[in-house]
Each structure stands twice: as structure tokens, then as C-alpha cells.
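See below for the structure under consideration.
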Amino acid sequence: MRLAHFYSLLLAPYAAAQALSTFPATPLASLHFPAPSDAPEHADPGNLARGNQTGYNICNSTTEGPASLCQTSFVNDLSDFCLWAPQMPGSTIGNTEGDEVAWCTKKGHGTRLIPDGALQAVQLLKAPDYVIVSGLINQSFINIASDDSGGELDPHGQDLRGNPIGGLMYSTQFSNGQGPMQVIEWVNFMGSKYA
Ligand SMILES: *[C@@H]1O[C@H](CO)[C@@H](O)[C@H](O)[C@H]1NC(C)=O
Ligand SMILES: *[C@@H]1O[C@H](CO)[C@@H](O)[C@H](O)[C@H]1NC(C)=O
Ligand SMILES: *[C@@H]1O[C@H](CO)[C@@H](O)[C@H](O)[C@H]1NC(C)=O
């Protein structure tokens, strides 16, 4: 009996030594889900060192609202775009980059909605190969601490799983009048101490 117990103590450090891998087999930016409906529930494979994807990529009327953990985002036009922001009030971008969720201007994406009064200015610039939406926001409306100077999100991150982990982006800007297409490369700078 005592011998068996001691043996299990020896096994524990051995199991701990089998550390989870850091990198996924396929980087997030190499996963292609052409339309939002092609996305799996979790774009990230999970079971990796930084923890699992906290939200999901299948988003619908059931998930829409202030508790949504949707991590599928859109930049369609000036009246229809989303930003990445924290799940919980008063967070910094730096502390929550791995598990931020989509906050959108418009219903229909299964996400949280950017509250009325948060956006104070917005502009859209379209170039042949890219589109930029920029603006001013009262960041405390979307859970960013008012004194946070912010940070940057993209589909690579420190371990190629993206920030947020498993975050996907779609746009109609390059789809010739068809439905939204996946955007492989994107960046989202969020927050400013002075906005
Ligand atoms: C993370 O996800 C993997 C694969 O889906 C699952 O097996 C594992 O239990 C999850 N781990 C945690 C801590 O939730
Ligand atoms: C709605 O989204 C949730 C969360 O991803 C998913 O579990 C559920 O199956 C979806 N419902 C439909 C009808 O697609
Ligand atoms: C942002 O919104 C909060 C909450 O409504 C308010 O207290 C604060 O004064 C606003 N900040 C600015 C810069 O307008």
C-alpha cells in the first residue's frame, strides 16, 4: 500500500515534465475558412501552453449580446465593423490580449454590441490592397480601463495562435459584392490613454 502511494508521487513530476507544446501544428494565419459558416466552433486546436481559446467562432442569434464570447470579427463598412476588446470591465489590452472578444456596431454577427455613445468619430480609408477603419472611442464603454494606453492584436501573436487566440476576421471589402471573405492578415490597435 505504501509502496503504491510512493510510486504515484514519482509519476507526478514525470507527468509535469510532459509540458504542453507552445505552437500549434498549423499557425492560425494559415488556417483558411473562406466564409464565416466554414469556421469550426474553435479555430484554435487547444491543449497548448498558453491555455485554450476562451470564446468560439460559431456565432449566431443565441450568442449575441453582452455575454457573447464570439471571436469572429468583421470589417464590412463604416456602419458595420467590430473591434477586439476585453470580456470584463476595467481590463487592459495587454493583460487580456489572448481572450478578447468581438464588439460590433451592428446586430447580426452573434457578438457583443459597441454601446451607443462609445464611438465619437470613425473614418474608413480604402486602398487597393487594404482597408482601414480608425476612430475615437470612449474605451471604458468596451471594458478597457480608462487609463490603459492599449495594445495591438493580430492573427500571429507570440505563439502563432493569434491575439485573441483563435480570433478570425472577415470582410466584404474584397469580395466583389458577395458575402464576407476571410481576411488572412489584419491588425487592430486598441486603446489610448488619451482617447
Ligand atoms: C483544452 O482543450 C483540449 C482540446 O479541446 C481539451 O482536451 C482540454 O481538456 C482543454 N483544457 C482545459 C484546461 O480546458
Ligand atoms: C450557435 O452558436 C453556438 C456557440 O458557438 C453553437 O454552440 C450553436 O451550435 C450555434 N447554433 C446554431 C443553430 O448554429
Ligand atoms: C467615458 O465614459 C465614462 C462612463 O460613461 C465617463 O465617466 C467618462 O467621463 C468618459 N470619458 C470621456 C473622455 O468622455
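Just follow the structure's listing: the first ligand is 1, and inside any ligand the first atom is 1. Numbers for residues simply follow the sequence, beginning at 1.
Distances below 4.0 Å separate heavy atoms of Ser140 from the following atoms of ligand 3: 1 (C), 2 (O), 3 (C). Counting the atoms of ligand 3 from 1 in the order shown, those under 4.0 Å from a heavy atom of Phe141 are 2 (O), 5 (O).
Protein residues are said to neighbour a ligand when one of their heavy atoms lies under 4.0 Å from it; for ligand 2 these are Glu41, Tyr56, Ile58, Asn60, Thr63.
Residue pairs that meet the ring pair (Phe, Tyr, Trp, His ring centres under 6.0 Å) test with at least one member in residues 129-160, sequence neighbours left out, do not exist here.
Side chain of Gln87 to main chain of Asp99: a donor-acceptor pair is present (N/O by atom type, distance under 3.5 Å, no hydrogens or angles). A donor-acceptor pair under 3.5 Å is absent between the side-chain atoms of Arg112 and the main chain of Gly65, judged by distance alone.
Counting heavy atoms under 4.0 Å from ligand 1, residue Asn47 touches it through both backbone and side chain.
Applying the side chain to side chain donor-acceptor pair (under 3.5 Å) rule to Asp77 yields the partners Ser79; only residues at least two apart in sequence or on another chain are considered.
Residue Gln120 has no nitrogen or oxygen atom sitting less than 3.5 Å from a nitrogen or oxygen atom of ligand 3, judged on distance alone.
Ring planes of Trp186 and Trp84: tilted class, angle from 30 to 60°.
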List, one per line, each side-chain donor-acceptor pair under 3.5 Å for residues 25-32, sequence neighbours excluded.
none

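Side-chain contact between Gln120 and Ile137: absent, with no pair of heavy atoms (C-beta onward) separated by less than 4.5 Å.
Smallest separation of non-hydrogen atoms from Gln178 and Thr172: O-CG2, 4.0 Å.
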